[in-house]
Amino acid sequence: QVQLVESGGGLVQAGGSLRLSCAANGRTSSVYFMGWFRQAPGKEREFVASIIWSVSNTYYTESVKGRFTISRDNAKGTMYLQMNSLKPDDTANYYCAAADYKKTWPGRSEYEYDYWGQGTQVTVSS
């Protein structure tokens, strides 16, 4: 089992920045890649970005390219999402997730993931 805990959400004005963190604990040796998803009220959960844990390859959804950066710190067992130039449309509950070695990179579907965090709210005011 892998436990994931997000932090770093909050309220920010449009154009501002936030950094989300996702701390992974437990059987992290089984993790192949991790990702960030978000879900706005009344909308389906959508893929944001993913990263291969061992080699740090990254993949982004088009709407966040150039604004968001996904990274990880192996020593700390933590994944990050640096979000710059935030827009009101980025407002959502952000979730981190982890996939084991049986799953398929880049993990754009939530069904590729085995473990989920509880979410952290990001609100961008206009």
Side-chain angles (χ1 to χ4, degrees):
Q1 291 289 325
V2 176
Q3 297 81 41
L4 304 174
V5 179
E6 302 101 331
S7 61
L11 173 64
V12 64
Q13 288 188 331
S17 298
L18 280 175
R19 188 176 80 155
L20 305 183
S21 299
C22 174
N25 294 289
R27 197 164 168 264
T28 56
S29 60
S30 68
V31 173
Y32 173 27
F33 59 89
M34 295 183 67
W36 288 98
F37 284 75
R38 64 187 181 186
Q39 187 168 21
K43 294 187 177 181
E44 293 186 353
R45 189 175 297 186
E46 67 170 349
F47 171 82
V48 176
S50 57
I51 186 167
I52 296 179
W53 193 252
S54 61
V55 297
S56 210
N57 287 16
T58 60
Y59 185 86
Y60 298 91
T61 194
E62 196 64 34
S63 63
V64 307
K65 282 182 180 178
R67 300 189 299 124
F68 291 10
T69 302
I70 189 171
S71 62
R72 92 288 185 255
D73 185 326
N74 277 351
K76 295 182 178 179
T78 301
M79 176 179 66
Y80 303 97
L81 186 67
Q82 177 66 44
M83 304 185 295
N84 299 329
S85 302
L86 282 162
K87 306 174 182 179
D89 283 350
D90 295 317
T91 295
N93 204 6
Y94 282 70
Y95 297 89
C96 70
D100 69 21
Y101 279 88
K102 299 177 183 178
K103 300 303 173 68
T104 305
W105 166 262
R108 288 172 292 184
S109 168
E110 61 183 299
Y111 299 105
E112 294 290 348
Y113 295 85
D114 301 283
Y115 309 101
W116 290 85
Q118 82 288 351
T120 185
Q121 178 67 36
V122 172
T123 303
V124 184
S125 62
S126 57

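All residue numbers refer to positions in the sequence shown, counting from 1.
Summarising the local packing, CD of Gln13 is surrounded by 12 or fewer heavy atoms from other residues, nucleotides or ligands at distances under 6.0 Å. Atom CZ of Arg45 is surrounded by more than 12 heavy atoms from other residues, nucleotides or ligands within 6.0 Å. For OH of Tyr111, the number of neighbouring non-hydrogen atoms (other residues, nucleotides, ligands) closer than 6.0 Å is 12 at most.
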Inset, instruction - Could you please spell out the steps behind the side chain to side chain donor-acceptor pair (under 3.5 Å) verdict for Ser30 and Asp100? - result: CA-CA 5 Å; Ser30 68; Asp100 69 21; over 6 Å; no
Inset, instruction - Give the C-alpha distance, both sets of side-chain angles, the deciding distance and a yes or no for side chain to side chain contact (heavy atoms under 4.5 Å, CB included) between Thr91 and Gln121. - result: CA-CA 8 Å; Thr91 295; Gln121 178 67 36; 4.0 Å; yes
Legend entry - Evaluation steps, side chain to side chain donor-acceptor pair (under 3.5 Å), between Tyr59 and Asn57: CA-CA 7 Å; Tyr59 185 86; Asn57 287 16; over 6 Å; no
Legend entry - Audit row: Phe33, Tyr113, ring pair (Phe, Tyr, Trp, His ring centres under 6.0 Å) steps and yes/no: CA-CA 9 Å; Phe33 59 89; Tyr113 295 85; 5.4 Å; yes
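Contacts of Lys87 classified as salt bridge (Lys or Arg N to Asp or Glu O under 4.0 Å), with partners at least two apart in sequence or in another chain: none. Listed by chain and number, the residues in a side-chain hydrogen bond (donor to acceptor under 3.5 Å, both in side chains) with Ser7 amount to none (sequence neighbours excluded). Residues passing the side-chain hydrogen bond (donor to acceptor under 3.5 Å, both in side chains) test with Asp90, sequence neighbours excluded: Arg38, Arg67. Here Lys65 pairs with Glu62 under the side-chain hydrogen bond (donor to acceptor under 3.5 Å, both in side chains) rule; sequence neighbours left out.
Of all the heavy atoms in Ser21 and Thr78, the pair that sits closest is CB-CG2, 4.2 Å. Taking each heavy atom of Ser126 and Pro88 in turn, the nearest pair found is CB-CG, 3.9 Å.
Contact check for Ser56 versus Arg72: side-chain heavy atoms found under the 4.5 Å cut-off. A 4.5 Å side-chain heavy-atom check between Gln1 and Arg27 finds every atom pair outside the cut-off.
Residue pairs satisfying the disulfide bond (SG atoms under 2.5 Å apart) criterion with at least one member in residues 7-118, sequence neighbours excluded, are listed as follows: Cys22-Cys96.
If you check the side chains of Ser17 and Asn84, you find a donor sitting under 3.5 Å from an acceptor.
Note that the CD atom of Glu110 and the CZ atom of Phe37 stand 6.5 Å from one another [nearest 0.5 Å].
Glu6 contributes a side-chain N or O that, together with a main-chain N or O of Gln118, makes up a donor-acceptor pair within less than 3.5 Å. Under the 3.5 Å distance criterion, the side-chain polar atoms of Gln39 are left unmatched by any main-chain donor or acceptor of Asn93.
In this structure, Ile70 belongs to a hydrophobic cluster whose other members, linked by side-chain heavy atoms under 4.5 Å apart, are Val2, Leu4, Val12, Leu18, Leu20, Val31, Met34, Trp36, Val48, Ile51, Trp53, Tyr60, Val64, Phe68, Met79, Leu81, Met83, Leu86, Tyr94, Tyr115, Val122, Val124.
Residues Phe47 and Trp116 share a single hydrophobic cluster, defined by chaining ILVMFWY side chains whose heavy atoms lie under 4.5 Å apart.
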